[in-house]
Amino acid sequence: MKEIPDTKIFKFQRVILNWYKENGRHFKWRNPSASNYQKIIVEVLLQRTKAETIANFFSDFLKLYPSWKKLSTASEKDIQSVLRPIGLYNQKGSRLYKMAQEMRCKNGRFPKSREEVEKIPMMGQYIANAYELFILNKPAPLLDVNMARVLERYFGPRKLVDIRYDPYLKKLSMDVVNHKFPKKINWAILDLGAMVCKKKNPNCQICPLKENCLYFNDNILE
DNA sequence: TTCCCGTGGC
DNA sequence: GCCACAGGAA
């Protein structure tokens with residue numbers, strides 16, 4: 001596997017942060033005043049669901065369930081029916097229910113390490129990374145289909161089918177977000193992936209990264 | 001690998 | 001109408 005030079009990573013970080021400053025999206029759960037509870041449960045809501053869909057729904061959800069304590073007193077069925085408008089509601093409902101029950105046992109406190117978090121039911125690799133990034137303030141990649149697509153188009157494709165187990169993507173995404181402002185880098189990549197570097201009809205013409213992007217440069221030669 | 005699922009962009 | 005979407009478990 002060919003090693004990606006640091007200079008290419010640095011340039012990617014510089015350009016995408018600059019783009020993010022002017023074009024980034026604003027969501028409530030990105031606000032510094034959002035509670036740890038909000039930062040974690042929103043990741044469940046967001047699974048396989050467009051961020052804009054959750055943006056329209058988030059306030060309603062918080063009114064009903066503003067805290068782990070409140071959520072842990074709700075029944076699984078109630079949570080599921082509240083989640084109906086966003087899709088995948090049976091699954092997300094039971095996930096949140098199980099997480100809330102677990103958090104009730106822990107008196108609402110998260111464990112200190114990433115390994116412990118990953119043992120909590122319904123918290124997989126992605127949420128463990130989000131936990132490191134948002135709660136522990138450590139660099140960690142929000143490696144989803146969005147980020148995978150952006151990184152693969154720019155730096156080159158992965159080997160494995162499954163994003164989550166691909167060692168190349170795991171290392172690359174970690175290297176890219178390992179920066180003074182890891183949260184901004186993560187959000188910048190997700191936003192670019194949703195707004196410009198879309199799966200279908202990517203708008204390469206307005207993309208700030210096209211100059212050094214493998215996908216763009218391969219396509220204009222044809 | 002497959003399933004979960006309603007919504008919104010096209 | 002079709003397809004894609006801040007994943008995780010079985």
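Letters go in sequence order (proteins before strands), and every chain restarts at 1.
- Proximity of a side-chain donor or acceptor of A:Tyr97 to a complementary backbone N or O of A:Leu71 within less than 3.5 Å is not detected.
- Closest approach to the A:Val161 side chain among B:dT1, B:dC4, C:dC5 is made by B:dT1 (side chain taken as heavy atoms from C-beta onward).
- Between the CG atom of A:Asp191 and the P atom of C:dC5 there is a distance of 15 Å, given to the nearest Å.
- Residue A:Gln125 contributes atom CD, which lies 15 Å from atom C1' of C:dA6 at whole-angstrom precision.
- In this structure, A:Ile40 atom CD1 and C:dG7 atom P are separated by 14 Å, rounded to whole Å.
- Comparing C:dA6, B:dT1, C:dG8 by their closest approach to the side chain of A:Ile127 singles out C:dG8.
- If you take CD of A:Gln91 and C1' of B:dG6, they are 14 Å apart, rounded to a whole angstrom.
- Between A:Tyr154 and A:Tyr215, the distance separating the two ring centers is not shorter than 6.0 angstrom.
- Nearest to the side-chain atoms of A:Gln47 among the listed nucleotides C:dG7, C:dC3, B:dG8 stands C:dG7.
- Of the P atoms belonging to C:dA6 and B:dT2, the separation is 22 Å, rounded to the nearest Å.
- The side chain of A:Trp187 approaches C:dA6 more closely than any other nucleotide in the set C:dA4, C:dA6, C:dG7.
- The side chain of A:Asn90 contributes no N or O atom lying less than 4.0 Å from OP1 or OP2 of B:dC4.
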Verdict with supporting geometry, A:Leu83 and A:Leu45, side chain to side chain contact (heavy atoms under 4.5 Å, CB included): CA-CA 8 Å; A:Leu83 295 182; A:Leu45 302 181; 3.6 Å; yes
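- Using a 4.0 Å heavy-atom distance criterion, A:Lys200 is classed as a sugar-phosphate-only contact.
- With hydrogens and angles ignored, no donor-acceptor pair closer than 3.5 Å exists between the side chain of A:Glu52 and the base of B:dG8.
- A:Met195 places its CE atom 14 Å from the C1' atom of B:dG9, with the value rounded to the nearest Å.
- Relative orientation of the A:Phe12 and A:Phe155 rings is tilted, given thresholds of 30° and 60° on the angle between their planes.
- Using a 4.0 Å heavy-atom cutoff across all strands shown, A:Arg84 reaches sugar-phosphate atoms only and no base atom.
- Along DNA chain C, the nucleotide nearest A:Met123 and the nucleotide nearest A:Arg149 are compared for position; the residue whose nucleotide lies closer to the 5' end is A:Arg149.
- Out of C:dG8, B:dT7, C:dA6, the shortest distance to the side chain of A:Arg164 is found at C:dG8.
- Along DNA chain B, the nucleotide nearest A:Leu88 and the nucleotide nearest A:Asn201 are compared for position; the residue whose nucleotide lies closer to the 5' end is A:Leu88.
- Taking only side-chain nitrogens and oxygens, A:Arg48 never comes nearer than 4.0 Å to OP1 or OP2 of B:dG6.
- For the pair A:Met147 CE and C:dA4 P, the interatomic distance rounds to 20 Å; values are reported in whole Å.
- Look at CD1 on A:Ile86: it is 12 Å from P on B:dG8, rounded to the nearest Å.
- Among the nucleotides B:dT1, C:dG7, B:dG6, the one closest to the side chain of A:Tyr89 is B:dG6.
- Rounded to an integer number of Å, the gap from NZ of A:Lys119 to P of C:dA9 is 14 Å.
- You'll find that the side chain of A:Tyr126 is closest to C:dA6, out of B:dT1, B:dG6, C:dA6.
- Closest to the A:Lys50 side chain, of the nucleotides B:dC3, C:dC3, C:dC5, is C:dC5.
- Both cation-pi conditions hold for A:Lys184 and A:Phe181: the charged atom is under 6.0 angstrom from the six-membered ring centre and inside a 45 degree cone around its axis.
- Of the candidate nucleotides C:dA9, C:dG7, B:dC10, C:dA9 has the atom nearest to the side chain of A:Met122.
- Looking at A:Arg104, A:Lys106, A:Lys98 one by one, the single match for salt bridge (charged side-chain N to carboxylate O under 4.0 Å, His left out) with A:Glu102 turns out to be A:Lys106.
- A distance of about 23 Å separates the P atoms of B:dT7 and C:dG8, rounded to the whole Å.
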